[in-house]
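Numbers restart at 1 for each chain; the letters A, B, ... are given by sequence-line order, proteins then strands. Since this is a predicted model, take the numbers as computed values, not measurements.
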Amino acid sequence: DAGITQSPRHKVTETGTPVTLRCHQTENHRYMYWYRQDPGHGLRLIHYSYGVKDTDKGEVSDGYSVSRSKTEDFLLTLESATSSQTSVYFCAIRETGYNEQFFGPGTRLTVL
Amino acid sequence: KQEVTQIPAALSVPEGENLVLNCSFTDSAIYNLQWFRQDPGKGLTSLLLIQSSQREQTSGRLNASLDKSSGRSTLYIAASQPGDSATYLCAVRSTGANSKLTFGKGITLSVRP
């Protein structure tokens with residue numbers, strides 16, 4: 001398995017609180033991604049990174065920010081969580097080129 | 001905008017049957033197509049990656065084909081087993097800088113003993 005970990009694995013929080021999810025890789029891959037998965041919508045890209053300090057928006061980026069200060073870590077922050085952000089969040093990595101994308105185990109976030 | 005469709009959304013077959021899962025996409029300008037498996041409550045596991053220049057890829061009982069011109073891919077599972085029960089997703093990587101995967105919504109497969 002690709003060396004990807006996500007923390008925390010489960011989190012329950014209240015509306016209006018800030019939340020940060022962490023993705024850590026041991027593969028030294030260039031690209032890192034954050035997705036959310038919801039019934040009826042499938043997997044949707046939130047933000048991605050193509051290098052240290054290089055990030056860009058995906059299709060559902062509103063309400064989320066990201067940071068990548070080291071190759072191995074990609075952080076997803078919900079500045080003020082809302083109930084609509086209740087979801088399962090997946091991190092993924094990919095090496096440069098036409099290569100496979102590998103996924104982490106996911107974080108289940110519940111916003112009450 | 002690339003769109004990926006997987007029909008039907010769910011499929012139930014008896015053990016031992018050979019089966020085909022379909023995936024269609026609207027834009028043929030792709031780098032590659034990837035098939036994933038997802039077990040309930042788990043992450044996605046990569047099964048097969050087919051580059052745009054390839055016609056098929058095989059891994060054990062799995063065979064994936066790609067017809068880029070018609071916008072179709074199939075995942076063939078031979079001699080299905082109950083352990084194959086899972087959701088299967090296909091995703092295409094379109095051409096362009098920092099290209100990203102577009103996912104289908106998946107097919108939930110149940111293999112009955």
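- Counting heavy-atom neighbours within 6.0 Å of B/Arg112 CZ, excluding the residue itself, gives a total above 12.
- Interface remark: B/Gln38 contributes side-chain atoms only to the contact with chain A (heavy atom separation under 4.5 Å).
- Options A/Ala92, A/Gly40, A/Gly104 differ in how many heavy-atom pairs under 4.5 Å they form with chain B, and the most are formed by A/Gly40.
- A/Phe90 and B/Gly43 get closest at one heavy-atom pair: CE2-CA, 3.4 Å.
- Around the CD atom of A/Glu14, the shell of radius 6.0 Å holds no more than 12 heavy atoms that belong to other residues, nucleotides or ligands.
- Residue A/Asp56 does not touch chain B at all, counting heavy-atom pairs closer than 4.5 Å.
- To the nearest 0.5 angstrom, B/Asn32 atom CG is 8.5 Å from A/Asn99 atom CG.
- Each of A/Glu100, A/Gln37, A/His41 has some count of heavy-atom pairs under 4.5 Å with chain B, and the biggest count is that of A/Glu100.
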Worked check of side chain to side chain contact (heavy atoms under 4.5 Å, CB included) between B/Leu44 and A/Leu43: CA-CA 11 Å; B/Leu44 280 71; A/Leu43 274 157; 3.5 Å; yes
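- With a 4.5 Å cut-off on non-hydrogen atoms, A/Arg94 touches chain B through its side chain but not through its backbone.
- Hydrophobic clustering (side-chain heavy atoms under 4.5 Å, transitive across Ile, Leu, Val, Met, Phe, Trp, Tyr) groups B/Leu62 together with B/Ile50.
- Note: the hydrophobic cluster containing B/Leu49 does not contain A/Ile93 (ILVMFWY, side chain heavy atoms under 4.5 Å, direct or indirect links).
- Interatomic distance, B/Ser99 OG to A/Tyr48 OH, rounded to the nearest 0.5 Å: 9.0 Å.
- Expressed to the nearest 0.5 Å, how far CZ of A/Phe103 lies from CG of B/Leu101 amounts to 6.5 Å.
- Residue B/Arg72 places its CZ atom among 12 or fewer non-hydrogen atoms of other residues, nucleotides or ligands, all under 6.0 Å distant.
- Distance alone, capped at 3.5 Å, is enough to place a donor-acceptor pair between the B/Gln34 side chain and the A/Gln101 backbone.
- Closest of all the heavy-atom pairs between B/Lys100 and A/Tyr33 is CG-CE2, 4.4 Å.
- Put simply, B/Leu75 and B/Leu19 are part of the same group of oily side chains (I, L, V, M, F, W, Y) that touch within less than 4.5 Å, one to the next.
- Contacts of A/Gln6 with chain B are absent, with no heavy-atom separation under 4.5 Å from either backbone or side chain.
- Note on B/Leu47: it clusters hydrophobically with B/Val4, by side-chain heavy-atom contacts below 4.5 Å among ILVMFWY residues.
- B/Phe36 and B/Leu11 sit in two unconnected hydrophobic clusters of ILVMFWY residues. Membership requires side-chain heavy atoms under 4.5 Å apart, directly or through other members.
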